[in-house]
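These numbers come from a predicted model, not from an experiment. When a residue number appears, it is its place in the shown sequence, counting from 1.
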Amino acid sequence: MLGKKLVTAQKRGETRALCLGLGMVACSTMMYFFIGITIVPFYTKSVWTTETMCKVLKANIMDKVLCPNSKGSEDEDIFPYPCLQVWVNLTASGQEVMLYQTEDTLERNPKCSYVPGKSENSKEAKARIETIASNFKKYQTFPCYYDPGGTQTNVILSRLYPPKGLLFAFLWPTLMFTGGCLIIVLVKISQYVSVLSARQ
């Protein structure tokens, strides 16, 4: 009687462990799919792949422009912000080019090097832009990214999804997938050993 209860408990534990392993594999597969349709296209689309050094030539705050990230929203959400333009000397080619914060900055407003975030208001944006301009004047030389193919003549300060970031995004689903497969293999080994023991 006790032996039957132990066998039943063992089978329940194996079933739960097997469901856990299959669930981990399924979740990791969904995470792979999500990363594949969201992050990977942005990474492959970016042409600013080569890192070099940039030297600031001028950092000017121009006239105010309307915040482009509030398109389609109510009028009170639209606010003007100072347009910061940063021009740098590209070490790789010696050209004078315009610097943008990320790839997204160029798409949102090609006239400005920095575009405020959606959560910022007019005062916060003005203060941040003035701080960024003073930092560029203070730190003249810094690493930046350019397009080695020459499709884009401008440069960006940082990539939205660098290679390390992409690897980090794939790290967690890979660990979950490996853990799920390991659980399934251990359960199958346990079942195989149980069958051999019963035969003997």
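Between L99 and V155, the closest side-chain pair of non-hydrogen atoms falls below 4.5 Å. Proximity of S46 to Y145: side-chain heavy atoms (C-beta onward) are nowhere separated by under 4.5 Å. Inter-residue side-chain proximity for F136 and L157 is flagged as met; some heavy-atom pair is nearer than 4.5 Å. Looking at F170 and V40, their side chains come closer than 4.5 Å, going by heavy atoms from C-beta outward. When side chains are defined from C-beta on, Y139 does not count as touching V56, because their heavy atoms never get closer than 4.5 Å. The shortest side-chain heavy-atom distance between I184 and V187 does not fall under the 4.5 Å cut-off. Side-chain atoms of Q101 and R108, non-hydrogen and from C-beta on, never get closer than 4.5 Å to each other. For the pair V88 and C144, the minimum side-chain heavy-atom distance is 4.5 Å or more.
Taking all atoms of both residues into account, the shortest heavy-atom contact from V47 to Q152 is CG2-CG, 3.7 Å. In this structure, Q95 and N89 approach most closely via the heavy-atom pair O-OD1, 3.3 Å. Minimum interatomic distance between K137 and A59 (heavy atoms only, all atoms of both residues): CE-O, 3.3 Å. Minimum interatomic distance between I35 and P173 (heavy atoms only, all atoms of both residues): CD1-CG, 4.0 Å. Taking every heavy atom of both residues into account, K111 and C83 meet most closely at O-SG, 3.5 Å. Considering all non-hydrogen atoms of both residues, V25 and C181 come closest at CG2-N, 3.9 Å.
Without hydrogens or angle criteria, N60 side chain to M62 main chain gives no donor-acceptor distance under 3.5 Å. A donor-acceptor pair under 3.5 Å is absent between the side-chain atoms of T50 and the main chain of P148, judged by distance alone. A distance-only check finds a donor-acceptor pair linking the side chain of Y100 to the backbone of P110 [under 3.5 Å]. Under the 3.5 Å distance criterion, the side-chain polar atoms of S134 are matched with a main-chain donor or acceptor of T131. With hydrogens and angles disregarded, no donor-acceptor distance shorter than 3.5 Å links the side chain of R128 to the backbone of P116.
Among pairs with a residue in residues 18-29, none fulfils side-chain hydrogen bond (donor to acceptor under 3.5 Å, both in side chains), at least two apart in sequence or across chains.
Interatomic distance, L90 CG to T52 OG1, rounded to the nearest 0.5 Å: 5.5 Å. Atom-to-atom distance recorded for K55:NZ and E96:CD is 12.5 Å, nearest 0.5 angstrom. We find the CG-CD distance between L57 and Q140 to be 8.5 Å, quoted to the nearest 0.5 Å. Taking CG from L166 and OH from Y43, the interatomic distance works out to 6.0 Å, rounded to the nearest 0.5 Å. Remark: F142 CZ to N135 CG distance equals 11.0 Å, nearest 0.5 Å. Summarising the geometry, atom CG belonging to D104 is positioned 6.0 Å from atom CG belonging to L160; distances are rounded to the nearest 0.5 Å.
Within 6.0 Å of the CZ atom in F177, the count of heavy atoms belonging to other residues, nucleotides or ligands does not exceed 12.
No continuous path of ILVMFWY side-chain contacts below 4.5 Å connects I156 to Y146, so the two sit in separate hydrophobic clusters. Side-chain heavy atoms closer than 4.5 Å link hydrophobic residues (I, L, V, M, F, W, Y) into clusters, and following such links, possibly through other members, connects Y81 to V86. Criterion: ILVMFWY side-chain heavy atoms under 4.5 Å apart, direct or through other members. Under it, I183 and M176 are part of a common hydrophobic cluster. Taken together through direct or relayed side-chain contacts under 4.5 Å among Ile, Leu, Val, Met, Phe, Trp and Tyr, V97 and L106 form parts of separate hydrophobic clusters.
Annotation: side chain to side chain donor-acceptor pair (under 3.5 Å) contacts of Y32 (sequence neighbours excluded): T174.
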- Pair T102-S158, side-chain contact (heavy atoms from CB on, under 4.5 Å): steps then yes or no: CA-CA 5 Å; T102 61; S158 59; 3.8 Å; yes

